[in-house]
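When reading the values below, keep in mind they use all heavy atoms of this one structure, side chains included, and skip hydrogens, waters and symmetry mates. Residue numbers begin at 1 in each chain, while the letters A, B, ... track the order of the sequences.
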Number of protein chains: 2
Amino acid sequence: MKTTQNISVAVDAIVFGYQKDQGVSILLIKRKYAPFKGKWAIPGGFVKEKESLEFAVERELKEETGVKIDYLEQLYTFGKPNRDPRNRTISVAYFGIVNAGKFQKLQANTDAVDAEWFPIKNLPILAFDHRQILTMAIERLRNKMTYEPIGFELLNQRFAFSELEDLYSTLLDRPVDRRNFKKKVIKLGILEELDEKAPRTGAGRPGNLFQFNKNAYDRLKNDGMHFEI
Amino acid sequence: MKTTQNISVAVDAIVFGYQKDQGVSILLIKRKYAPFKGKWAIPGGFVKEKESLEFAVERELKEETGVKIDYLEQLYTFGKPNRDPRNRTISVAYFGIVNAGKFQKLQANTDAVDAEWFPIKNLPILAFDHRQILTMAIERLRNKMTYEPIGFELLNQRFAFSELEDLYSTLLDRPVDRRNFKKKVIKLGILEELDEKAPRTGAGRPGNLFQFNKNAYDRLKNDGMHFEI
DNA sequence: TATATTTGCGTCATTATTACGCAAATAAGA
DNA sequence: TCTTATTTGCGTAATAATGACGCAAATATA
């Protein structure tokens, strides 16, 4: 018993990236058309009738920014009656990550005059209710990285331990004791220590590269292991 | 730039209730119309153009079951292209709780021939992809009650400590040491012990009633306290 | 009055957490 | 070359949290 609706369905994607110098950044596009023409916005667009929500997200990201995502999960659905001045639109927001190796070159197309990475410490004014969406996404990232190993998605596949430490301390915004942090993470048993030194950046004793071992994590998780940082 | 869509937007509500003898139950309705006529389903329906998603949930619950909810939060949005055989429908699922005192009398109206509470240990076959939604909701309840005080929403405002213990041990499906559990919960500092004995049920030493102190919880949480059970 | 049941309060061993100390390996400057 | 600043690696010790369990007190029921 369908009543005649006139509600549009969109998807939006908050995509996180990380680099040691910039910190955590978010991918935004500059809107080409009204409303909010010229304002920065989260990439996204309307869902086509035959495609899944996830497919729509990846398609829009490709079209608007050329970026291919490494991790994707649903964030929240925003549906207030007046969030889009044109007509009623509900937007299913997704949460994505690209790893540091693919902090890719951006290419703008269809809906965007421009696409750019913005450090979360220095965000522009955003179109629609996108600021609210973004705030929720950052909150999700902060929380989730403490109880699931998604922090690794932000780094290169192989990383120096100090990068992991830096990621956690800056994002959680609290000092982390280097020695205790390492003991804790190593004891989880989900990292592999490689036989290769990390590329040097200035002074200091050289350290090995590490990589996340997803198989080990899945196995341990299955045995009731509890990831927490 | 809206492309012409033909997608319907619905909301569904997984509503949990609890009673010591039944365990945790979920509110379902028997469908009155095709598709899945006569099958059990999660209450819900199409969103009206001018109402918020939350309003739609409460309206549908009222219409279909007469139940008024004590706790409500968004669960997940289900949007696979063929989840509704009629036409493309995306459904924003919500997660609700009614407390034990209001394990209310049910009244069926509009869309439902009948509405009933089903213990989660004994669920019927469900319409659409509702089984999947329900599974996710139960998972959410299980997880969330370990790191946020939503378990109390399932009990009466004033409860015996053994009820809380029973709720956690049955829902988490693991034995809970009564003495350690109590020590842990009391130490959180979010319960008020009343000067009144709990109503007797059979033998055993009588114990006081307790109630959740939301103000204390908010205060402590603000000071960085970490709820975990 | 005896027995089963439930609550209340405790102890003790084990494990996790936190705060540090300090030496080794490097780059850069004197 | 020698010194200094920087970063890594490996540790110890005090404190806090967890988990396993003992046992008495207060009740209903047989």
- line: Sorted by chain and number, sequence neighbours left out, salt bridge (Lys or Arg N to Asp or Glu O under 4.0 Å) with R179(A) holds for D177(A)
Ring center gap for F16(A) and Y71(A) short of 6.0 angstrom: no
field: Distance, rounded to the nearest Å, where E193(A) contributes CD and dT8(D) contributes C1'
entry: 11 Å
- prompt: Is K214(B) paired with D218(B) through a side-chain N to carboxylate O contact shorter than 4.0 Å?
  reply: yes
- prompt: At what distance, to the nearest 0.5 angstrom, does CG of L172(A) lie from CG of N143(A)?
  reply: 9.0 Å
Output a table of donor-acceptor pairs, distance under 3.5 Å, between side-chain atoms of residues 198-208 of chain A and any protein atom two or more places apart or on a different chain; print 'none' if there are none.
| unit_1 | atom_1 | unit_2 | atom_2 | d |
| --- | --- | --- | --- | --- |
| R200(A) | NH1 | G204(A) | O | 3.3 |
| R200(A) | NH2 | G204(A) | O | 2.9 |
| N208(A) | OD1 | K197(A) | NZ | 3.2 |
| N208(A) | ND2 | E193(A) | OE2 | 2.9 |

query: For the pair made of CZ in F159(B) and P in dT6(C), what is the distance, rounded to whole Å?
result: 19 Å
- prompt: Near DNA chain D, under 4.0 Å by heavy atom, which residues of residues 161-169 of chain A?
  reply: S162(A)
- request: Without swapping roles, check the side chain of E153(A) against the backbone of I150(A) for a donor-acceptor pair under 3.5 Å.
  value: no
Interatomic distance, D12(A) atom CG to F95(A) atom CZ [nearest 0.5 angstrom]: 15.0 Å
Side chain to side chain, V185(A) and F210(A), heavy atoms closer than 4.5 Å: no
message: So if I define the base as every atom that isn't primed, P, OP1 or OP2, how would nucleotides 13-19 of chain D read as a B/S/- string at a heavy-atom cutoff under 4.0 Å?
response: ------B
task: At under 4.0 Å between heavy atoms, which parts of nucleotides 22-30 of chain C does protein reach? Answer with one letter per nucleotide, 5' to 3': B base, S sugar-phosphate only, - none.
output: B-BBBS---
query: CZ of F227(A) versus C1' of dA16(C): gap in Å, rounded?
result: 17 Å
- request: Determine yes or no for a side-chain-to-main-chain donor-acceptor pair under 3.5 angstrom, with N213(A) supplying the side chain and N215(A) the backbone.
  value: yes
message: Measuring from atom CD of E73(A) to atom OH of Y76(B), what distance do you get when rounded to the nearest 0.5 angstrom?
response: 8.0 Å
statement: note: F181(A), atom CZ; dA16(C), atom P; distance rounded to Å ~ 18 Å
query: Which part of the nucleic acid, if any, lies within contact of D177(A), taking any heavy atom under 4.0 Å across all strands shown: a base, the sugar-phosphate backbone alone, or nothing?
result: base
Donor-acceptor pairs under 3.5 Å, side chain of residues 18-28 of chain B to any protein atom, not counting sequence neighbours: which ones?
| unit_1 | atom_1 | unit_2 | atom_2 | d |
| --- | --- | --- | --- | --- |
| Y18(B) | OH | D166(B) | OD2 | 2.5 |

task: Round to a whole Å and report the spacing from NZ of K182(A) to P of dG11(D).
output: 11 Å
